[in-house]
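Counting convention: from 1, in listed order, for ligands and their atoms alike.
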Amino acid sequence: MERKNIKKLAVFVSGSGTNLENLADRIQKGELRNCKIELVVSDNPRALALKRIQRFNLESKVFERKSFNSKAEFEAVIVGSLKEKRIDYVVLAGFMRILSPDFIKAYRWRVVNIHPALLPEFPGAHAIQDAWSAQAKETGATVHFVDEGVDTGAVILQKKVMVDTGETLESLERKVHTVEYEIYPQAIQWLVDEKLKVVNGKVVNLCAEEKYKGGKKV
Ligand code: GRF
């Protein structure tokens, strides 16, 4: 019998965890294939994300920064857990910390993030609010590789949303999150199926824009 190469993901969270929940749900339904969430890492013991995943029976570990003497020690312990679990990819889903260059080096092209704006527009921690306050006509969401900068890594996939007349911050948040739940699983599918190459700092997608689901074009 053919053995599938199931890639192991570690999903890093700090807060609400709706992207984590969406990924776990898609994997459970077989819509995101060839991978499993091997570990959830939270830097916040009170993260709602940890409650959301109870129904999925996933292993989670909490690492509080304040329990360590330095950022280097904090990250070294996390990397130790990732190595022990033979994690293939690190998926940041609302993880509110900047990973150090050493961490990025250890997982080069294997750390991805979702950002709630069309990068390079509106980087930083309040992207939806910033787009709304700036009265942008459009914004969106971006999945990108994580590099040593903040929200500067090579873009894998972006999707736009229009900011309509009379849009409230809350309605814009809902729109942006809805596209996040669509593009993050798609980008992760390409990643685990090794359909992404980075050439001169730009992502080359071997599936181009075709709709692609776990080893199959659809
Ligand atoms: C998302 O908007 C994501 O783009 C950003 O943080 C938010 C996390 O939301 N990086 P959730 O915790 O997945 O609900």
Closest protein heavy atom (residue, atom, distance) for [atom]:
atom	answer
atom 12 (O) of ligand 1	G17 N, 2.7 Å
atom 8 (C) of ligand 1	G94 CA, 3.6 Å
atom 14 (O) of ligand 1	T18 OG1, 2.5 Å
atom 9 (O) of ligand 1	N19 ND2, 3.9 Å

Whether H177 lies under 4.0 Å from ligand 1, heavy atom: yes
Residue H115 vicinity, atoms of ligand 1 by number, heavy atom under 4.0 Å: 4 (O)
So the atoms of ligand 1 within less than 4.0 Å of a heavy atom of P116 turn out to be 2 (O), 4 (O), 5 (C)
Does the pair K7/E194 count as a salt bridge with the N-to-O cut at 4.0 Å? yes
What I want to find out is whether R108 reaches E148 closely enough, with some N-O distance under 4.0 Å, to be called a salt bridge. yes
Does any N or O of ligand 1 fall below 3.5 Å from an N or O anywhere on [X], backbone included?
X	result
Y181	no
I114	yes
I128	no

Test side chain to side chain donor-acceptor pair (under 3.5 Å) on S14 and D43 and set out the steps. CA-CA 6 Å; S14 298; D43 65 336; 2.8 Å; yes
Checking Q129 side chain against L169 main chain: does a donor-acceptor pair fall under 3.5 Å? no
Of the choices E173, R52, M96, E180, which has the non-hydrogen atom that lies closest to atom 4 (O) of ligand 1? E180
Candidate pair E21 and R55, rule salt bridge (Lys or Arg N to Asp or Glu O under 4.0 Å), full reasoning: CA-CA 10 Å; E21 184 178 31; R55 70 189 164 103; 3.1 Å; yes
L92 versus Y184, closest heavy-atom pair with distance: O-OH, 2.7 Å
For F74, is the NZ or CZ atom of R97 found under 6.0 angstrom from the centre of its six-membered ring and inside 45 degrees of the ring axis? yes
Knowing that exactly one of N22, N19, T142 qualifies, which makes a side-chain hydrogen bond (donor to acceptor under 3.5 Å, both in side chains) with E180? N19
